[in-house]
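As the structure is a computational prediction, the values presented were derived from the model and not from experiment.
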Amino acid sequence: MTTHGDDDDATVDDVTSTISEETDTPSEVRNLLANWPYPPAGGWTADDLDRLPQEGPNGELDFFKHVELVDGALIFMSPQKRFHEYVLYGLRTSLNAQAPDHLKAVMQMDLVIGPRQRPCPDVLVVDREAAKDRSRTAYTPDEVCLVIEVVSPESEFRDHEVKPSRYAKAGIPHFWLVENNADDPVVHVYQLDPVTHAYAVTGIHHNRLKLTEPFPIDIDLAGLPD
């Protein structure tokens, strides 16, 4: 994928190659990992994640399978706990049952918001036309109306302190943060303030999530699809 622009903000012109897959030669991949674990010259970019093999530099199986890029740093994601998988599947299924025809909820797809920003949110609600392309590896901010992060112990700082500001600066209008309260999901709902360009909390939801934005939503949090 090819990106242009600064590190914090991206427009539809900034991110241009998530539409098609590119094939890199083995030598290009080797050069990328030549000095592992040090980053390549100029640092890691969003483009690099499409060039990394799933195997590690020494043949480690699935080494790069679950990795995201935040502030130019590669973040390796830990194996999911059952709570995490349960909430992701339940929210995605519930949202798709209620979403209007032009929107589609997807799980764990990358979001390119700048040359050195390529997080992998837990759930995205995207334009259905964009979701139809099954060769895509990532989406752009103009294609996304809602980002959902489910907090894990190892991701708590990024989910609380780092990612919300990045998503807000990219112009994502809606953001949900899901916390684990004794194995029950609690959803903190945020909406982008057009004046401050930051998220403002609009509610904290236990048991039931009922909203009018970004579309009418009524989800039984105590009985998510399993």
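Within the 4.5 Å cutoff, the side chain of Val106 has heavy atoms near those of the Lys104 side chain. Val178 has its side chain out of reach of Val186: every pair of non-hydrogen atoms, C-beta onward, lies at least 4.5 Å apart. Taking 4.5 Å as the limit, every side-chain heavy atom of Pro53 sits out of range of all side-chain heavy atoms of Phe63. Annotation: side chain of Cys145 is in contact with side chain of Leu103 (closest heavy-atom distance under 4.5 Å). The shortest side-chain heavy-atom distance between Leu221 and Asp184 does not fall under the 4.5 Å cut-off. A 4.5 Å side-chain heavy-atom check between Asn35 and Pro40 finds every atom pair outside the cut-off.
Using cut-offs of 30° and 60° for the angle between ring planes, the Phe83 and Tyr86 rings count as tilted. By the 30° and 60° cut-offs, the orientation of the rings of Phe76 relative to Phe64 is tilted.
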Subject >> Worked verdict on His197 versus Lys169 for side-chain contact (heavy atoms from CB on, under 4.5 Å) >> reply: CA-CA 6 Å; His197 304 289; Lys169 291 186 73 173; over 6 Å; no
Original post:
After noting the C-alpha distance and the side-chain angles of Leu32 and Leu52, does the key distance pass the side-chain contact (heavy atoms from CB on, under 4.5 Å) rule?
Top reply: CA-CA 8 Å; Leu32 193 64; Leu52 290 172; 3.7 Å; yes
Original post:
Can Asp110 and Leu49 be said to form a side-chain contact (heavy atoms from CB on, under 4.5 Å), step by step?
Top reply: CA-CA 10 Å; Asp110 288 0; Leu49 269 66; 4.1 Å; yes
**OP:** Kindly determine whether Leu69 and Leu74 satisfy side-chain contact (heavy atoms from CB on, under 4.5 Å), including the steps that lead there.
**Re:** CA-CA 5 Å; Leu69 184 72; Leu74 291 182; 4.0 Å; yes
**OP:** Test Tyr38 against Trp44 for ring pair (Phe, Tyr, Trp, His ring centres under 6.0 Å), laying out the working first.
**Re:** CA-CA 10 Å; Tyr38 299 102; Trp44 296 104; over 10 Å; no
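Of the inter-residue distances, the one linking Lys81 atom NZ with Asp183 atom CG reads 9.5 Å to the nearest 0.5 angstrom. Rounded to the nearest 0.5 Å, atoms CD (Glu55) and NZ (Lys65) are 10.0 Å apart. Expressed to the nearest 0.5 Å, how far CD1 of Ile219 lies from OG1 of Thr93 amounts to 10.0 Å. With values rounded to the nearest 0.5 angstrom, His188 atom NE2 is found 11.5 Å from Thr202 atom OG1.
Counting only distance, with no hydrogens or angles, the side chain of Asn96 and the backbone of Ala105 share a donor-acceptor pair below 3.5 Å. Under the 3.5 Å distance criterion, the side-chain polar atoms of Asp127 are left unmatched by any main-chain donor or acceptor of Ala130. No donor-acceptor distance shorter than 3.5 angstrom exists from the side chain of Ser94 to the backbone of Leu91, with no hydrogens or angles considered. With hydrogens and angles disregarded, no donor-acceptor distance shorter than 3.5 Å links the side chain of Asn58 to the backbone of Glu60.
Salt bridge absent: Arg128 and Glu143 never bring a charged side-chain N and a carboxylate O closer than 4.0 Å. Note on Arg118 versus Asp50: salt bridge recorded, some NZ/NE/NH1/NH2 to OD/OE distance being below 4.0 Å. A salt bridge links Arg166 to Asp71: one of the charged nitrogens lies within less than 4.0 Å of a carboxylate oxygen. Ion pair Asp218/Arg208 flagged as a salt bridge, since at least one NZ, NE, NH1 or NH2 atom sits closer than 4.0 Å to an Asp/Glu carboxylate oxygen. Residues Arg82 and Asp226 are paired through a salt bridge, judged by an N-O separation under 4.0 Å between the basic side chain and the carboxylate.
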Throw together a table of side-chain donor-acceptor distances under 3.5 angstrom for residues 147-158, partners on residues two or more places apart or in other chains.
residue, atom, partner, partner atom, Å
Glu149, OE2, Lys163, NZ, 3.2
Glu149, OE2, Tyr167, OH, 2.6
Ser152, OG, His84, ND1, 3.1
Ser155, OG, Ser152, N, 3.0
Ser155, OG, Ser152, O, 3.3
Ser155, OG, Asp159, OD2, 2.7

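The two residues His174 and Gln191 have their closest heavy-atom pair at CE1-CD, 3.7 Å. A pairwise comparison of heavy atoms in Phe215 and Ala99 identifies CE1-CA, 3.6 Å as the closest pair. When all heavy atoms are compared, the tightest approach of Thr140 to Val144 is O-CG2, 3.5 Å. Ile217 approaches Leu95 most closely through the heavy-atom pair CD1-CD2, 3.9 Å. Summarising the geometry of Val112 relative to Ala46, their closest heavy-atom pair is CG1-CB, 4.1 Å, with the distance given to 0.1 Å.
Under the 4.5 Å side-chain contact rule for hydrophobic residues, Met107 and Leu209 share a cluster. Note on Phe175: it clusters hydrophobically with Leu124, by side-chain heavy-atom contacts below 4.5 Å among ILVMFWY residues. Under the 4.5 Å side-chain heavy-atom criterion for Ile, Leu, Val, Met, Phe, Trp and Tyr, Tyr89 and Leu224 are members of distinct hydrophobic clusters. Connection of Tyr190 to Ile113 is established within a shared hydrophobic cluster, with ILVMFWY side chains joined at heavy-atom distances below 4.5 Å, either directly or through further cluster members. In this structure, Val201 is not a member of the same hydrophobic cluster as Val189, with clusters built from ILVMFWY side-chain heavy atoms closer than 4.5 Å.
If you check the side chains of Gln80 and Gln108, you find a donor sitting under 3.5 Å from an acceptor. Side-chain atoms of Glu179 and His160 form a donor-acceptor pair, as typed in the model, at a separation below 3.5 Å.
Results of the side chain to side chain contact (heavy atoms under 4.5 Å, CB included) test with Gln117 over Thr45, Val70, Leu111 single out Val70 as the only residue that passes.
For Tyr199 and Trp176, the distance between ring centers is not under 6.0 angstrom.
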